Amino acid sequence: MNAWPLLGLLLLAYAGLVVWITVKKPPKIWGMAKIKGFIKVMGEKGTEIFFYVWAGLAVAVAIWLFTL
């Protein structure tokens, strides 16, 4: 059994979760110290852009894992 596609699926789910958190900004998650630190350093818009780029990288790695 090849585990790479399964890892790719998990990365796709992770990317979807990151985008969902960025769009919806649930107060319990968006208020976490880690995200507040990102906002303090990069600002609100910079944090959103960072999360979108992070999700995009996760999707790119997931697609690469599907090709293995």
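By convention here, the first residue in the shown sequence is residue 1. All of these numbers come straight from a predicted model, not from anything done at the bench.
Here Tyr52 pairs with nothing under the side chain to side chain donor-acceptor pair (under 3.5 Å) rule; sequence neighbours left out. Checked against ring pair (Phe, Tyr, Trp, His ring centres under 6.0 Å), Trp30 has the following partners two or more places apart in sequence or in another chain: Phe51. Trp20 pairs by the side chain to side chain donor-acceptor pair (under 3.5 Å) definition with nothing, not counting sequence neighbours.
A chain of hydrophobic side-chain contacts below 4.5 Å, direct or via other Ile, Leu, Val, Met, Phe, Trp or Tyr residues, connects Val61 to Trp4. In the hydrophobic cluster analysis, where Ile, Leu, Val, Met, Phe, Trp and Tyr join through side-chain heavy atoms closer than 4.5 angstrom, Val23 is grouped apart from Leu12. Under the 4.5 Å side-chain heavy-atom criterion for ILVMFWY residues, a single connected hydrophobic cluster contains both Ile35 and Met42. A chain of hydrophobic side-chain contacts below 4.5 Å, direct or via other Ile, Leu, Val, Met, Phe, Trp or Tyr residues, connects Met32 to Phe38. By the criterion of side-chain heavy atoms lying less than 4.5 angstrom apart, applied directly or through intervening Ile, Leu, Val, Met, Phe, Trp or Tyr residues, Phe50 is grouped together with Ile39 in one hydrophobic cluster.
Counting only heavy atoms from C-beta outward, the side chains of Trp54 and Thr22 never approach each other to under 4.5 Å.
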Stepwise, does the side-chain contact (heavy atoms from CB on, under 4.5 Å) test hold for Leu11 with Val59? CA-CA 7 Å; Leu11 272 175; Val59 168; over 6 Å; no

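Residue Lys36 qualifies as open at atom NZ: its count of foreign heavy atoms under 6.0 Å is 12 or below.
Going from atom CG of Leu6 over to atom CG of Leu65 covers 10.5 Å, rounded to the nearest 0.5 Å. Interatomic distance, Ile29 CD1 to Ile21 CD1, rounded to the nearest 0.5 Å: 4.0 Å. Here the straight-line distance linking atom CG of Leu7 with atom OH of Tyr14 works out to 12.5 Å at 0.5 Å rounding.
Annotation for Ala15 and Ala55: closest pair CB-O, 3.6 Å, computed over non-hydrogen atoms.
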